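Please read the structure below before turning to the comments.
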Amino acid sequence: MDIFDYARNINSEKESPLASRLRPKTLEQVVGQEHIIGKGKLLYRAIKADKISSVIFYGPPGTGKTTLAKVIANTTSAEFMQLNATVAGKKDMEGVVEKAKQTMAMNGRKTILFVDEIHRFNKGQQDYLLPFVEDGTVILIGATTENPYFEVNTALISRSIVFELQPLTEENIKTLIHRAVEDKENGMGIYNAVIDEEAVEFLAGLSNGDARTALNAVELGVLTTEPEADGKIHITLEVAEQCIQKRALRYDKGGDNHYDTISAFIKSMRGSDPDAAVYYLAKMLYAGESVDFIARRIMICAAEDVGMANPQALVVATAAADAVHKVGMPESQLILSEAVIYVATSPKSNAACNAIFSAMETVKNTVTAKVPVHLMDSHYKGASKLGHGIGYQYPHNYPDHYVKQQYLPDGLEDKKFYEPGDLGYEKEVKKYMLRYFN
């Protein structure tokens with residue numbers, strides 16, 4: 001590298017986007033992902049000991065995949081090289097391998113190859129890397145937003161450790177926003193800017209776990225906002241809205257508006273109004289509400305308000321909760337919308353809900369009742385000598401697989417907890433119960 005190359009690199013670093021300039025250089029500076037780089041965790045120990053093996057970082061955009069690779073680059077004694085799979089071809093890969101062989105032969109140093117967007121490599125390109133990863137010519141660090149078990153060759157996966165990165169929390173994003181505004185060396189600190197906490201909350205909530213989104217907005221806000229009379233650049237909520245081209249809703253996740261909105265959302269589903277339910281769903285999603293939180297409320301409504309009138313509603317709600325956890329935004333809004341409409345348009349019954357509440361109240365307020373002898377377990381040692389299980393009538397030995405016998409304890413034998421309604425599937429349940437149980 002000559003003096004002109006050095007100058008170009010220095011200028012490039014200064015002029016690069018804020019999110020790039022602010023990347024940590026050490027593990028201690030990394031924000032979030034404690035589940036894989038917390039003190040004492042496997043990856044933490046490997047980086048600290050400079051004993052990194054081939055790894056694949058998998059996670060949504062802006063969660064720190066490239067950041068971790070750069071941290072490794074700054075701490076390792078190995079040669080560090082980087083390719084981007086969206087533009088690199090076989091010739092680039094051959095060049096890296098040849099240089100890695102020379103580095104190993106000349107000074108015994110290993111080479112770490114970071115491949116960003118590794119899922120963009122086709123099967124042939126991935127296969128080319130395989131023998132060099134296997135014989136240790138290169139230590140591979142791959143980064144991907146796609147599930148590596150689908151997008152990366154099985155052979156490469158088997159020779160690597162996959163670390164899944166999670167979306168950053170709002171607290172993580174807030175920490176990075178404050179660091180960006182205040183850092184005079186790599187951040188925007190030289191601009192004498194301040195940011196209102198309201199704007200911090202808005203950007204952190206809207207970023208959906210993607211640090212880059214929030215940092216890009218902060219940079220744009222600082223660079224396009226004129227200083228006020230006090231000589232400072234003020235990043236207000238209004239400035240933050242303009243920089244991210246989205247209007248802030250009155251939706252404090254810890255305040256009244258949050259609870260009022262979720263209350264209206266649930267009551268709209270309970271009241272069989274899909275339009276209102278979808279509206280409140282959209283309001284929560286727009287404001288950056290957690291999709292997992294919303295999915296939990298849909299499951300509760302399916303069980304509490306739809307109940308046995310359509311037991312399939314709980315199945316749909318549970319499947320939606322699982323799907324949004326795997327898919328993430330923005331596609332999760334489609335999944336949640338389907339689940340909300342299904343629950344809202346299902347027949348309703350809270351009979352199952354009333355049944356458990358009534359049973360819990362009975363258990364709480366009555367002396368613990370003994371299980372009828374004929375229902376007791378007769379298999380454990382000595383049970384049959386005590387008469388346990390004697391007199392039990394096996395329903396499948398009788399017509400329609402039903403025989404009338406006492407199941408509730410003495411004193412409660414006539415107690416009714418579940419009273420089925422007349423809508424949906426529960427109407428069929430009621431017919432069945434009236435046929436046999438009266």
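Any value given below was found using the heavy atoms of this structure, including those in side chains, with hydrogens, waters and symmetry copies removed. Everything numeric here is computed off the predicted structure, so don't read it as measured data.
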### Task
May I have all residue pairs that pass ring-ring contact (aromatic ring centres under 6.0 Å, His included) and include part of residues 130-162, sequence neighbours excluded?
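Qualifying pairs, neighbours excluded: Tyr128-Phe132.
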
### Task
Could you name each residue pair satisfying side-chain hydrogen bond (donor to acceptor under 3.5 Å, both in side chains) that touches residues 321-331, not counting sequence neighbours?
Asp322-Lys326

### Task
Decide yes or no on salt bridge (Lys or Arg N to Asp or Glu O under 4.0 Å) for Arg297 and Glu289, but give the supporting numbers first.
CA-CA 12 Å; Arg297 307 316 299 179; Glu289 183 62 83; over 6 Å; no

Checking side-chain polar atoms at under 3.5 Å, does [X] have a donor or acceptor matched by the opposite partner on [Y]?
| X | Y | answer |
| --- | --- | --- |
| Gln33 | Lys41 | no |
| Asn172 | Thr169 | yes |
| Lys348 | Ser272 | yes |
| Glu426 | Ser349 | yes |
| Thr137 | Asp135 | yes |

### Task
May I ask you to decide whether Lys431 forms a salt bridge with Glu428, counting only side-chain N to carboxylate O separations under 4.0 Å?
yes

### Query
Can we say Glu201 and Lys174 salt-bridge, meaning some charged N sits less than 4.0 Å from an Asp/Glu carboxylate O?
yes

Taking distance alone, no hydrogens or angles, what donor-acceptor pairs closer than 3.5 Å link side-chain atoms of residues 357-364 to residues at least two apart or in another chain?
residue	atom	partner	partner atom	Å
Glu361	OE2	Asn365	ND2	2.7
Thr362	OG1	Ser358	O	3.0

### Task
Please assess Ile118 against Glu151 for the test side-chain contact (heavy atoms from CB on, under 4.5 Å), listing each intermediate value before the final yes or no.
CA-CA 9 Å; Ile118 192 171; Glu151 304 295 338; over 6 Å; no

#### Entry: Result of checking Val222, Leu223, Leu220, Val218 against Leu18 for side chain to side chain contact (heavy atoms under 4.5 Å, CB included)
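Of Val222, Leu223, Leu220, Val218, side chain to side chain contact (heavy atoms under 4.5 Å, CB included) with Leu18 is met by Val218 alone.
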
### Task
Please indicate whether Glu198 has more than 12 foreign heavy atoms, meaning atoms of other residues, nucleotides or ligands, lying under 6.0 Å from its CD.
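12 or below, so no.
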
### Query
Of all residues at least two apart in sequence or in a different chain, which pass the salt bridge (charged side-chain N to carboxylate O under 4.0 Å, His left out) check with Asp50?
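Here no residue qualifies.
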
### Query
With Glu28, which residues qualify under salt bridge (charged side-chain N to carboxylate O under 4.0 Å, His left out), at least two apart?
Lys48

### Task
Mind checking side chain to side chain donor-acceptor pair (under 3.5 Å) for Arg296 and listing every partner two or more places apart, or none if nothing turns up?
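Partners of Arg296 by the side chain to side chain donor-acceptor pair (under 3.5 Å) criterion come out as none, since no residue qualifies.
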
